[in-house]
Structure formats: C-alpha cells, structure tokens
Undergrad: 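The following block contains the structure, expressed as structure tokens.
In the text below, chain A, chain B and the rest are named by the order of the sequence lines, each starting its count at 1.
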Amino acid sequence: MKTNIVLGVIGADCHAVGNKVLDYAFTEAGFQITNIGVLSSQEDFINAAIETNASAILVSSLYGHGEIDCRGLREKCEEAGLKGILLYAGGNLVVGKQDWESVKKRFEDMGFDRVYAPGTSPEEGIRDLKEDLKQELKKIS
Amino acid sequence: MKTNIVLGVIGADCHAVGNKVLDYAFTEAGFQITNIGVLSSQEDFINAAIETNASAILVSSLYGHGEIDCRGLREKCEEAGLKGILLYAGGNLVVGKQDWESVKKRFEDMGFDRVYAPGTSPEEGIRDLKEDLKQELKKIS
Amino acid sequence: MELKNKKLSEAEFMQERKEVLTHWETGKDVDLQEAVDYLKKVPEHKNFAAKLRKAKEEGITLAQPRAGVAGVDEHIKLLQYLQNEGGADLLPNTIDSYTRQNRYNECEVGIQESIKEKRSMLNGFPVVNHGVYNCRKILDAVELPLQARHGTPDARLLTEIIHAGGWTSNEGGGISYNIPYAKSVSLEKTIRDWQYCDRVTGLYEEMGVKINREPFGPLTGTLVPPSMSNAVAIIEGLLAAEQGVKNLTLGYGQCGNLVQDVAAIRGLIQQAEEYFTTYGYDIELTTVFHQWMGGFPADESKSFGVISWGAATAALAGATKVIVKTPHEAIGIPTMEANAQGIKATKQVLNLLKGQHMPMSKELELEINLIKAETKCILDKVFELGKGDLAVGAVKAFQTGVMDIPFAPSNYNAGKILPARDNNGAVRYLEFGNIPMSQDVKDFNKQLLEERAKVEGRDVSFQMVVDDIYAVGKGTLVGRPEGK
Amino acid sequence: MELKNKKLSEAEFMQERKEVLTHWETGKDVDLQEAVDYLKKVPEHKNFAAKLRKAKEEGITLAQPRAGVAGVDEHIKLLQYLQNEGGADLLPNTIDSYTRQNRYNECEVGIQESIKEKRSMLNGFPVVNHGVYNCRKILDAVELPLQARHGTPDARLLTEIIHAGGWTSNEGGGISYNIPYAKSVSLEKTIRDWQYCDRVTGLYEEMGVKINREPFGPLTGTLVPPSMSNAVAIIEGLLAAEQGVKNLTLGYGQCGNLVQDVAAIRGLIQQAEEYFTTYGYDIELTTVFHQWMGGFPADESKSFGVISWGAATAALAGATKVIVKTPHEAIGIPTMEANAQGIKATKQVLNLLKGQHMPMSKELELEINLIKAETKCILDKVFELGKGDLAVGAVKAFQTGVMDIPFAPSNYNAGKILPARDNNGAVRYLEFGNIPMSQDVKDFNKQLLEERAKVEGRDVSFQMVVDDIYAVGKGTLVGRPEGK
Ligand code: B12
Ligand code: B12
C-alpha cells in the first residue's frame with residue numbers, strides 16, 4: 001500500500017510550477033499524492049489529510065507570506081486529531097534574502113519537521129520523507 | 001607666458017590612452033605640456049622638469065606598480081634641485097581595489113601634493129593645478 | 001448579466017461603480033472629476049502613456065523594475081532609490097498578494113506586523129489599504145511615471161484608487177490576471193471585471209487624461225510558447241480597446257532563443273496592429289519585453305548574466321520597455337540595492353545597444369511567420385467559438401482547451417498542452433492538447449523536438465519538460481540529460 | 001642579421017638559444033628533450049590546442065579569465081578558485097609588467113615585498129623568476145590547460161620556460177606585443193624575437209607536442225578598427241606558421257556594435273583561411289573574442305552588463321573562446337572572487353546561447369565584406385612594401401604609416417590615424433593617416449561619421465574621439481554631447 005501525502009501551496013500564493021513538479025516527482029517516487037494545488041488554506045490542507053488518512057503534509061510557499069500563512073498550522077492539526085503528522089515546508093518561505101538558519105528556526109519553532117531552502121530539489125524531500133517514515137514505523141513497532 | 005608642466009606614465013607601464021587624453025586636455029586648458037609618454041623612469045621625469053623649468057610633474061600610473069615606482073621621487077627631485085615642485089599622481093595607483101583613503105595617504109606620505117583615484121577626470125586635475133599654482137604665487141609674492 | 005465584448009453602458013458602469021467603491025473604506029476617497037482635475041496637473045514627464053510614446057518615437061527601450069513594500073514611507077524610499085541610484089526610466093508599484101486576492105483584512109495584519117518587525121512582511125505595496133492620497137504622496141515624491149503591477153483577478157477597486165491617485169498605468173487583463181494568478185475564479189467574471197477596469201481607463205481618456213494599459217504578457221512565465229501569449233495579448237488588447245483604452249503596451253516574456261524572442265516581439269506588434277486596424281480601433285501601441293520570468297539561478301553573478309541577456313534581447317527586438325529582474329530573483333524579494341543593481345546592468349546594456357536592432361534574416365522571417373501563423377490559428381478559432389464576440393470566444397476557448405496556458409493554476413485552464421525547447425532553445429509545442437493548429441504547424445513543431453531528442457539520445461517526453469523548467473536555474477537554456 | 005619571413009635555421013636558432021637561456025638563472029632548467037618527454041605525459045584535457053580543437057568541432061565558446069599574482073602558492077590558489085568556483089574552461093597565467101620588460105631584478109623586489117606585505121605587489125605572475133618547475137607545479141595543481149598571457153616584446157626566455165613548464169599556449173606576437181606595449185623597441189627586433197618564440201613552438205610540434213599560439217588581437221583595446229586588428233592578426237598568423245606553428249588562435253577585441261563584431265570574427269577566420277591556403281600553410285585555426293578592452297564603468301553592476309554583452313557577442317559570432325573581464329576592471333586587479341564572478345556571468349550567457357548564432361543578413365554581409373576589403377587594402381600594401389616578404393613588409397608598413405594603431409605608445413607607430421564610432425556605434429576611420437584604403441572605403445567611412453555628426457549637431461572632430469574613449473566607462477557606446 002502506498003503512503004498518502006498531501007501537497008499544496010498555502011495562502012494567497014499562486015505559484016503552480018514547483019507544485020506540479022513536486023506532484024510528478026513524489027508520485028514517481030511511489031507516494032500517493034493528494035495535490036490540493038495553489039491558494040490553499042490551512043483548513044484545505046487539514047481536511048485533505050483527514051480524508052486521505054495522510055502521513056505527511058507538504059506545504060509550499062513561494063511568494064513570501066509563508067511566515068504569516070503557516071502560523072498555527074501545527075496547532076490546528078493537533079486539534080483536528082492529526083497528532084504528530086509530519087509537516088514539511090519549502091519554497092521561498094519568507095520575504096527577501098534572509099539568513100537561512102534563522103528562517104529555518106522560525107519554521108521549526110512553528111512545529112515543522114523539515115524546512116527547505118529556496119530551490120531545494122524534490123529528491124531531497126523524497127529522501128527525507130522516506131527516512132522520516134521509516135523512523136515513525138520504528139517508533140510504532 | 002604659459003606654465004610648463006611635465007606629464008608621463010611611470011615605470012614599466014605602457015598605458016597610453018589616458019596619457020594622450022591628459023596631454024590634450026591640459027594643453028587645451030592653456031598649459032605648456034612636455035609629455036614624456038609611457039615607460040618613463042623617475043630620472044626621465046626629473047630631467048624633463050629641469051630642462052623645461054617646469055612648475056609641476058604629473059605622474060600617471062595605471063598598471064598597479066605605482067607604489068613601487070613612485071617611491072623616492074620626491075627625494076630625488078629635492079636632490080636634483082627641484083625644491084617644492086608640485087607632484088601629482090593619478091591613475092590606478094596600486095594593485096587591486098583597495099581602500100582609497102589609505103592609498104591616498106600612502107602617496108601623500110611619499111610627498112605627492114595631490115593624489116587621484118581611478119577614473120578622475122582631467123578637469124579635476126586642471127582645476128586643482130590652477131588653484132595650487134595661484135597659492136604658490138601668493139607664497140612667493 | 002451576459003458577457004459581451006461591448007463598451008459598458010454608462011448606467012451599468014455607474015451602478016456597479018457605487019458598489020465597487022464600498023469594497024474597502026478607502027473607496028470613498030475616489031471622486032472621478034476631482035481625479036481628472038488632479039491628473040491634468042500631473043506634469044507630462046510623469047505620465048506613463050506620454051513617456052512610452054516618446055520612447056517609441058525615439059526608438060529606444062526604457063527600463064522598469066518591479067518593487068513594492070508594505071509601508072508608504074518605505075515604499076517611497078525604495079522608489080526614490082530605484083530612480084536615483086538605479087536610473088530606472090519608469091517606476092512600478094508592485095502590489096502584495098493579499099490585495100491581489102482582495103483580502104484587505106490580511107493586508108492590515110501584514111502592515112501592522114511590518115511595523116512591528118521593522119521589515120516588510122508583505123510581498124508588495126497594499127495599495128487599496130493605503131488609498132488615494134498615499135498614491136499621490138508617492139507620485140509627488142518621484143520624478144517618473146507610476147504604474148500598478150499586480151496580478152489581481154478583480155482589480156476594480158484597485159484600478160479606481162490608483163488612477164485617482166495619479167498613477168497613469170495599470171497592468172493586467174481578464175485572462176492574464178486570472179489564469180496564472182487564480183485557481184477558482186471564472187473567466188467570465190475576470191473578463192467582465194477587467195472590462196470595468198478598462199472602462200475606467202476609457203473614461204479618463206474621454207475626459208482628456210492619457211492612461212496606459214498593459215496586459216500581462218508572460219502569463220506563467222514558464223515556457224509559454226510565443227503564439228499562445230501573443231494570442232492572449234491581442235485578445236486583451238482588443239477587449240481593452242472596446243472599452244475606450246487608447247494607449248496600450250503589449251507584452252511578452254523572454255523565452256531565451258534570440259531569433260524566437262525578436263520574432264515574438266516583432267510578430268506581436270505587426271499582428272496586433274493588423275487586428276486593431278481590422279476591428280477599427282485607433283490605438284497607440286507599444287511593446288514590453290520581460291526579462292526571463294522562469295526560475296533563476298541562485299548565484300548572483302549568473303543572475304546578472306540572465307538579466308543582461310534579457311536586456312540585450314529587448315534592445316535588439318526593439319521593445320519599447322523592458323521589465324527588469326534582480327540578482328536576488330531566485331531567493332526572495334530583492335533589497336533595494338539588489339533591485340538597483342538589476343536596473344544598472346540592464347541600462348548599461350540598453351545604452352550600449354541604443355540604435356542597434358536585429359537585422360532581418362531568413363531565420364528571423366521564418367520565425368515571425370511561424371508565430372503569426374500559430375497565433376492566427378488560435379485567434380480564428382476564438383472568434384469562431386464566440387460567433388464573432390471575442391469575450392465569449394475567449395471564455396469558450398479556455399473551456400475547450402483551444403487556448404491553454406502551460407503550468408497555470410486555474411481550474412478554468414485545460415492544462416493539456418506541454419511546451420519544450422527545441423535544440424536551439426526555442427520554445428515549441430510538445431503536446432498541442434486541443435489547440436487547433438494547422439497540420440503544417442504541428443508537423444514543424446514535432447520535427448524540431450525530434451531533432452533535439454535525437455541529439456540527446458532520448459525520446460521526446462515529460463522528462464524533457466521538467467529538465468527545461470529547471471534549466472535556466474541550473475545555468476543552461478536547454479535542459480539536457482547529464483553530459484549531453 | 002637581416003629580417004626575413006623564413007623559418008629560422010637550426011644552427012641560427014640553437015646558437016641564439018644558448019644565449020637566451022642565460023638571461024636569467026632559471027634558464028638553465030630548460031631542457032628541450034626532457035620537456036618534450038614531460039609534455040607528452042600531460043593528459044589531453046590539459047592540452048590547450050586539443051581543447052580548442054574540440055570546442056571548434058562542437059561549435060561552442062570557451063571562457064578564459066585573466067589572472068596572476070606574485071607568489072606561486074597564491075597563484076595556484078587563485079587558479080583553482082577560478083576553475084572550481086568560476087567554472088573557467090581554460091586557465092591563464094597573466095605575467096607581471098616587470099617580467100614583460102625583462103626587468104627580472106625588479107620582479108625579485110616585487111616578490112619579496114609581496115611576501116612582506118602579505119598581498120601581491122606585482123600585477124601578474126613573474127614566471128621567469130619562478131622558473132620551469134614552478135610552472136609544472138601549477139599545472140599539476142589544476143585540471144585545465146594553461147596559457148601564458150603577457151605583453152612581452154622580448155619573450156624568448158619566457159617562452160622557453162613556460163613550454164618546458166607544461167603550459168601549452170602562448171599569447172603574443174612581434175607586432176601585437178610591441179606596438180601597444182612598448183615605446184622604444186624596434187619592430188625589427190620584436191618580429192625577430194617572436195620568430196624565435198614561434199620557432200620554439202614549431203620545434204615542439206615537430207617533436208610531437210601540440211602547442212597553441214595566440215596573437216594578441218585587441219592591440220590597444222581602444223577603438224581599434226576591425227580591419228587594422230585583423231590585418232595584424234593575419235600577418236602574425238602567417239609569420240608564426242612559417243616558423244612551424246600549427247595551432248593558431250586569432251583574436252579580436254569587442255568594439256560593441258553587434259553586427260560589426262560578428263562580422264569582424266567571421267571575416268577574420270574566412271580571410272585568414274584564405275591567406276593560409278594561398279601561402280600553403282596547413283593550420284588548425286580558431287578564434288578568440290575579447291570582451292570590451294577599453295575603459296570600463298566603475299560600477300560593478302554596470303560592469304556585469306558590459307561583461308555579459310561581450311559574452312553574448314562572442315557566442316553569437318561563434319568565437320572559439322572568449323576572454324573574460326571582471327566587475328573590478330575599472331579599479332584594479334580583481335580579487336579572486338570578482339574574477340570568478342566575471343566568469344560565472346559569462347558562462348551563464350554562453351550556456352544560454354549555446355547553439356545560437358547570428359543569422360546571416362544583408363547588414364552582416366555588407367559589414368563582413370567591408371572589413372575584408374579594408375583588411376585586403378592594408379595587406380596588399382604590406383606585401384608590396386616587403387617585396388613579397390611579410391616580415392619586412394610589416395616593418396615598412398609601420399614606418400610609413402600604412403599600418404597604424406590608434407593610441408599606441410610605440411615610437412615605431414605613426415599615430416596618424418583616428419578612429420570614431422558611427423551613429424550605430426561601429427568603429428570607423430575618422431583619419432586614415434597613410435593607410436592605403438580604396439576611395440570607396442574612405443568615402444563610406446566618412447559618410448557614416450558625417451551621419452553621426454549630423455545627428456549630434458556638431459562636426460566630426462577630435463572631441464568625438466575623446467568622447468568615444470570615455471563613453472563605455474560612462475555607460476554608453478557612442479560618446480554623444482550632453483543631452484543628445
Ligand atoms: C515563475 C514565477 C512567477 C509566475 C508564477 C506562475 C505560476 N502561476 O506558477 C508569476 C509571474 C505569475 C509570478 C507571480 C508572482 N511572484 Co513569482 N516567481 C516566479 C519565479 C521566477 C519562478 C518560480 C518557479 O516556477 N520556479 C520553478 C519551480 C520548479 O521551482 P520552485 O517554485 O522554487 O519549487 C521547487 C522548490 O522550491 C522545491 N519546493 C517548493 N516547495 C517545497 C516543499 C517541500 C516540502 C520540498 C521538499 C520542496 C519544495 O521544489 C520545487 C520543485 O523543484 C520565482 C523566482 C525564482 N525561483 O527564480 C518568483 C518568486 C517566487 N515570485 C515572487 C513574487 C513576490 C511574486 C509575486 C508576488 C509578484 C511580485 N511581487 O513580484 C507574484 C505572486 C502572486 C501570488 N498571488 O502568488 C518572489 C517571492 C519572494 C519572496 N519569497 O521573498 C520570487 C522568489 C521572485 C522574487 N525574488 O521576488 N511568479
Ligand atoms: C586599455 C587598457 C589596456 C591596454 C592599454 C593600451 C595602451 N597601450 O594604452 C592594454 C590591453 C595593452 C593593457 C595592458 C595591461 N593592462 Co590594462 N587596462 C586598460 C583599461 C581597460 C583601460 C585604460 C584606459 O585606456 N582608460 C581610458 C583612459 C582615458 O583613462 P585612464 O587610463 O584611467 O586615465 C584617465 C584617469 O585615470 C586620469 N588620470 C590618469 N593619470 C592621471 C594623473 C593625474 C595627475 C590626473 C589629474 C589624472 C590622471 O585621467 C586620465 C584621462 O581621463 C584599464 C581598466 C579601465 N580603466 O577600465 C586596464 C588596467 C589599467 N590595466 C591593468 C593591467 C594590470 C594591465 C596589464 C598588466 C595586463 C594585466 N595584468 O591584465 C597590462 C600592462 C602592461 C604594461 N606594461 O603596462 C589594470 C591595472 C590594475 C591595477 N592597478 O591594479 C587595469 C586597471 C585593469 C584591471 N582592473 O586589472 N591595458
């Protein structure tokens with residue numbers, strides 16, 4: 001059985017190219033993708049994850065408002081019963097060229113398990129996701 | 001009577017374009033130019049200044065060895081009897097992009113009255129020279 | 001209300017207008033007659049339409065950056081810097097993404113947070129929230145014409161505010177600000193809403209104020225075949241003209257192959273002029289060339305290469321203006337310094353190339369003819385679908401995939417076509433979806449892609465498309481397999 | 001000894017050689033047979049001639065920086081950085097100016113001071129002082145072919161050392177490393193000394209080692225009309241061929257007008273090939289295009305514009321390699337970072353343009369024909385003056401001003417011609433001095449300059465020349481009066 005994951009671009013963000021490429025790459029890598037596309041709210045992500053019993057939510061934000069848009073997503077997931085679901089974020093997460101380490105920290109503090117710098121290749125995300133899922137499995141067994 | 005000045009490019013430096021333009025501009029501005037051209041030694045400058053009873057020596061150095069080539073010129077002028085002759089230097093005086101203030105100081109310490117940054121226009125030198133010559137005149141009278 | 005390509009009646013427009021101006025509190029400051037009086041006092045050198053006309057006459061290419069931050073004073077500082085240090089010829093006001101989605105409440109949050117964090121938390125200038133008087137404050141603070149650049153499906157209130165605020169150009173269009181920028185807004189609605197925007201411009205024209213309008217040429221910015229974007233540009237131009245727009249700038253986003261890019265701009269202006277003449281519109285037409293709009297290299301020096309090559313192509317093509325990227329493009333909204341750097345590199349190239357144009361050659365002629373033929377295939381069908389009505393035709397064309405924009409997020413876009421580069425880097429159709437191209441055109445596109453495939457020792461496939469998406473960011477134009 | 005364009009006899013050469021190798025103590029380490037054995041073990045990818053041949057076959061343009069510092073280890077670090085971070089395709093060893101004047105004692109001072117000051121006090125790598133083994137140490141430390149780039153009128157010892165040291169290319173020539181680089185060295189002497197250098201290369205070739213030779217194309221780098229530099233390139237190429245050189249790269253410095261620059265490169269290779277065929281030399285011919293060699297803008301972003309435009313022109317012209325400038329050009333020898341930046345911008349443009357060439361057009365054809373006709377006027381007269389002997393002819397041509405290089409420092413240069421740009425920025429002859437151009441050519445040049453003068457509302461004059469000298473540095477190609 002394939003692992004379900006939810007993919008989308010959060011907020012008022014319409015950048016669709018990376019989203020389509022991620023869809024293609026993660027599907028090729030064997031995941032079952034639910035792609036909610038661009039301009040998706042936190043609720044859209046959560047609903048899709050519940051519906052598909054997803055193991056991970058992959059949030060893209062390209063346009064700079066990621067910091068505002070992602071705030072509280074972890075808490076809402078918990079409330080909705082998606083306890084400990086893997087949360088990844090990638091893209092151009094903040095406005096402007098900022099010190100990457102501090103950006104990463106800000107997103108980790110918001111509860112993201114993995115945070116990716118601009119231009120990260122899908123392969124890196126795929127590798128990490130496989131790794132993290134293996135770890136989860138170990139924890140359970 | 002026109003003021004005599006000596007113009008040239010010091011050391012093993014063959015950059016001739018700026019030299020030709022300076023010749024043209026200072027001549028247009030009313031000076032009597034003795035242009036000893038490129039690849040000129042300190043001795044060439046001094047001999048020309050003595051021969052023409054020059055009021056100023058304008059040294060160009062473009063190629064980066066200016067620091068080595070200009071060292072001791074003031075002392076040699078003094079020895080040769082060119083006491084207090086105006087010494088100007090301009091061009092790309094040192095190797096590389098260096099802090100301009102420190103370069104300027106180094107050349108002033110060597111005894112240059114005026115030191116010009118890369119790309120200085122001839123007009124600036126002409127203005128200064130007229131000013132300095134006026135001052136000299138005042139000192140004498 | 002039925003969509004039609006017909007000038008909105010005064011009654012219809014005025015009624016709608018009342019409602020539009022209530023969408024946010026700043027709407028109340030818009031007073032058309034007062035605005036016209038104000039605009040008539042704006043000096044000629046700050047009028048966008050006038051400056052473009054002059055540039056066209058002189059045969060030069062103007063440089064315009066993108067720029068916008070959350071706060072008014074910071075935005076003014078930014079624009080002044082781009083004007084004085086950067087040497088921009090035209091100034092933008094890039095609008096933030098919440099405004100683009102009419103989420104003015106979220107803008108308010110962004111403005112507040114920006115004040116708190118002492119850095120812009122918004123990716124642009126929230127013009128609706130700031131309102132008419134702040135627009136004028138900005139215009140007073142600079143010596144160049146101002147334009148709003150956004151990506152707003154429903155830009156009616158925004159349009160009212162910016163023009164009343166003295167900005168004399170507005171970017172956008174019912175297709176170009178929907179398909180690449182929205183997911184679930186219908187084309188009927190955006191075309192109708194942009195008729196409103198165009199009508200506003202038309203009204204100003206009728207009242208004696210020149211306003212420039214610019215459809216957004218590059219669409220998704222990613223491997224859009226020139227004929228598809230030229231078709232959109234011509235349609236939006238015609239729709240705008242019907243509403244009374246008089247000064248139009250049609251746009252195109254660089255693909256990267258010189259001959260194709262020059263052909264696209266030349267073909268666009270020739271063909272647009274033909275259509276305007278046929279349909280009886282008297283339009284002052286100029287062109288805008290966008291430096292590469294797809295993914296950029298992260299390295300700043302490499303970005304300078306991309307930027308400069310875009311500037312060179314714009315000049316050689318003879319575009320009236322060029323939209324400038326920055327060395328920060330791959331990473332984030334540029335600092336004002338990085339933004340000025342992009343302009344300076346661009347202007348240096350434009351100045352070196354002043355008066356130089358790409359001479360006509362067999363290759364260029366062929367490419368112009370190809371692009372025009374492809375564009376005509378599309379437009380003919382659009383008119384047919386609309387039974388002569390372009391607005392209706394456009395909606396149906398997207399419904400049926402006759403028009404189709406690669407990688408677009410909109411649910412109203414078929415998403416069936418695929419583009420890829422040929423062996424020389426020109427963008428071709430790999431999948432035509434439902435675009436009604438002639439067999440000649442289809443065969444030629446196919447042949448060119450097969451040639452590339454052969455060189456690369458692989459089949460024409462989606463992997464080629466993916467490779468091409470990444471290529472410029474990785475430093476090449478064509479996305480070749482390793483070692484090819 | 002009488003100067004003649006004739007392969008040096010073995011006896012004559014060997015006798016001279018003995019003496020040359022005593023000019024500085026490092027000469028004693030040169031052993032021809034040992035060097036050949038060593039060079040035969042140098043892998044193909046580090047051979048300059050081989051890499052150029054491959055590039056020509058593939059139709060691509062390689063990028064090569066300029067770079068050199070006083071110390072061996074620092075120089076290695078620099079080259080490795082340009083290779084790894086910059087992505088250079090070919091590596092240079094730019095030689096310092098004291099070495100160029102054979103002032104090895106002053107080099108010693110410079111080396112010592114550099115150690116003391118912990119920064120390079122020399123403007124290049126003093127290769128003669130460092131000697132054969134340090135050259136090899138450098139070659140071992142990099143993965144690219146190495147070349148010496150200098151400007152040395154008497155480069156005989158230098159040539160011996162670099163080739164024995166495994167560097168497989170040498171820049172220079174009896175005219176191109178004299179007239180722009182010296183004041184009072186006679187052409188007889190430098191042509192004779194460069195026959196020696198070429199003969200060294202010829203010997204290596206005869207012993208089975210491929211060595212590339214590159215006459216210095218741009219001369220004074222400042223508004224040199226293409227026909228004058230092409231004439232020099234062809235003469236130096238023929239002189240080199242006579243000494244047994246087999247792999248030649250002819251060069252040209254960008255003037256800035258695209259059509260003229262492309263025409264200059266295309267005309268150069270066509271015409272050179274014609275001459276080589278006529279005179280019976282079988283030569284592997286490639287071309288090098290130099291990014292703008294005159295005064296640069298001080299602003300780094302603007303410099304990126306100049307650099308990228310040079311890269312684009314090189315690619316469109318189809319040059320085999322391009323010599324890269326840096327964003328520090330106007331100020332001083334670049335840091336290694338700035339140097340790599342220039343390469344990265346250049347390579348980005350070259351990669352975007354891979355496979356793209358300037359298509360043939362009426363304008364391009366006209367310009368190629370003009371340049372070839374002008375070049376032929378010069379060369380015909382040179383042969384005539386030399387009574388068929390090119391070496392003699394070249395000396396007499398400079399004596400009589402038949403050949404004449406603008407702004408050159410040499411006393412052996414007439415300095416009677418003046419160049420200026422026409423209205424499109426192409427470099428034309430304003431004063432012909434004694435160059436024996438046909439009346440057609442003269443009239444055409446004059447007409448073009450008159451056109452510009454009319455546009456600028458002034459007379460054709462020396463002020464125009466001065467304005468053009470400053471123009472690129474001030475951000476334009478053509479030096480117009482204020483406000484024009
Ligand atoms: C193309 C483009 C557009 C097109 C988008 C068309 C479309 N609908 O898709 C258009 C022209 C419409 C556009 C509009 C805008 N854009 Co835009 N755009 C770009 C651009 C040039 C390329 C994006 C792209 O397609 N890249 C190619 C794909 C394959 O890569 P990617 O998107 O980066 O995604 C990959 C990786 O990031 C990673 N990834 C992404 N998410 C995740 C998540 C996980 C978990 C993992 C593992 C990996 C991962 O994998 C993806 C696939 O490889 C970028 C700059 C750049 N990158 O060069 C700017 C950029 C993203 N845009 C930007 C902005 C600001 C805008 C606008 C607001 C306009 C403006 N102010 O300039 C509007 C946005 C409107 C809106 N509502 O969203 C900014 C964002 C700034 C910031 N974050 O500070 C950028 C960075 C440009 C810039 N430097 O200013 N844009
Ligand atoms: C053209 C040029 C050449 C030509 C020169 C042809 C010739 N014979 O004239 C060639 C190609 C031969 C050449 C060779 C070399 N060059 Co060169 N060259 C240049 C270049 C691009 C332009 C110079 C020029 O003509 N400018 C136009 C004229 C009008 O301006 P100018 O020379 O700056 O002079 C004006 C002002 O400086 C001022 N000025 C000058 N002196 C004075 C004095 C006074 C009192 C006043 C008031 C004003 C003043 O007024 C002048 C007229 O407006 C410059 C870089 C640049 N500026 O962009 C490098 C540059 C000068 N060259 C440089 C170097 C190193 C060399 C070489 C050693 C090769 C190398 N390693 O790369 C050789 C030198 C060989 C030698 N023995 O000298 C370096 C010097 C580096 C440094 N100082 O750190 C520069 C700065 C390039 C660089 N960044 O590396 N070069």
Side-chain angles (χ1 to χ4, degrees), chain C residues 85-87 256-260 292 297 299-309 311-313 315-316 327 337-338 340-366 422-426 455 471-472 474-478 480, chain D residues 86-87 256-260 292 297 299-309 311-313 315-316 327 337-338 340-367 422-426 455 471-472 474-478 480:
Chain C
E85 171 63 19
N257 174 285
L258 177 63
V259 172
Q260 183 177 48
W292 174 244
D299 182 274
E300 297 194 15
S301 306
K302 293 182 184 169
S303 293
F304 274 116
V306 178
I307 289 168
S308 304
W309 175 232
T313 307
L316 291 171
E337 290 80 10
Q341 285 171 3
I343 310 172
K344 286 191 281 185
T346 297
K347 292 235 9 184
Q348 177 78 30
V349 174
L350 294 178
N351 286 337
L352 292 177
L353 283 165
K354 205 173 269 175
Q356 297 190 47
H357 296 294
M358 181 82 169
M360 185 48 73
S361 58
K362 248 191 12 249
E363 290 81 347
L364 181 55
E365 205 181 343
L366 180 119
D422 70 17
N423 204 42
N424 293 323
V455 170
V472 174
K474 290 187 175 168
T476 63
L477 189 60
V478 184
R480 312 270 189 203
Chain D
N257 174 285
L258 177 63
V259 173
Q260 183 176 50
W292 174 244
D299 182 273
E300 297 194 14
S301 305
K302 294 182 183 169
S303 293
F304 274 115
V306 178
I307 289 168
S308 303
W309 176 231
T313 307
L316 291 171
E337 290 80 11
Q341 285 170 4
I343 310 171
K344 286 191 281 185
T346 297
K347 291 236 7 185
Q348 177 77 30
V349 173
L350 294 177
N351 286 337
L352 292 177
L353 284 165
K354 205 172 269 174
Q356 297 190 46
H357 297 293
M358 182 82 169
M360 185 47 74
S361 58
K362 249 190 13 248
E363 290 82 347
L364 181 55
E365 203 180 345
L366 180 122
E367 198 65 44
D422 70 16
N423 204 42
N424 294 321
V455 170
V472 173
K474 289 187 176 170
T476 63
L477 189 60
V478 183
R480 313 270 187 202

Undergrad: Ignoring hydrogens, what is the shortest heavy-atom contact between C:Gln356 and D:Leu477? Give both atom names and the distance.
TA: NE2-CD2, 3.5 Å
Undergrad: Using a cut-off of under 4.5 Å on heavy-atom pairs, state which of C:Gly355, C:Ser308, C:Ser361, C:Gly475 scores highest against chain D.
TA: C:Gly475
Undergrad: Given a strict heavy-atom distance threshold of 4.5 Å, which part of C:Val478 is in contact with chain D: side chain, backbone, both, or neither?
TA: neither
Undergrad: To the nearest 0.5 Å, how far apart are CH2 in C:Trp309 and CG in D:Leu353?
TA: 4.5 Å
Undergrad: Let me confirm one number: the NZ-CG distance from D:Lys474 to C:Asn351, rounded to the nearest 0.5 Å.
TA: 13.5 Å
Undergrad: Taking every non-hydrogen pair under 4.5 Å, which of C:Ile307, C:Asn423, C:Val472 racks up the most with chain D?
TA: C:Val472
Undergrad: If we define contacts as heavy-atom pairs under 4.5 Å, which of C:Lys302, C:Glu300, C:Gln341 has the most with chain D?
TA: C:Lys302
Undergrad: Could you give the distance from CD (C:Glu363) to NE2 (D:His357), rounded to the nearest 0.5 Å?
TA: 11.5 Å
Undergrad: Looking at chain D, which one of C:Gly305, C:Gly342, C:Gly256, C:Ser301 has the largest number of heavy-atom pairs inside 4.5 Å, strictly under?
TA: C:Ser301
Undergrad: With side chains defined as the heavy atoms from C-beta onward, is the minimum distance between D:Met358 and C:Pro359 less than 4.5 Å?
TA: yes
Undergrad: So how far is it from C:Gln348 CD to D:Thr476 OG1, rounded to the nearest 0.5 Å?
TA: 8.0 Å
Undergrad: Heavy-atom pairs under 4.5 Å with chain D are the metric here; pick the option from C:Leu258, C:Asn257, C:Val349 that has the most.
TA: C:Asn257
Undergrad: Could you look at C:Asp299 and say if it's the side chain, the backbone, both or neither that has a heavy atom under 4.5 Å from chain D?
TA: side chain
Undergrad: Heavy-atom distances under 4.5 Å only: say whether C:Leu364 touches chain D with side chain, backbone, both or neither.
TA: neither
Undergrad: Measuring heavy-atom distances to chain D, does C:Pro297 have an atom under 4.5 Å in its side chain, in its backbone, in both, or in neither?
TA: side chain
Undergrad: Quick check on C:Ile343 against chain D: is it the side chain, the backbone, both or neither that has a heavy atom closer than 4.5 Å?
TA: neither
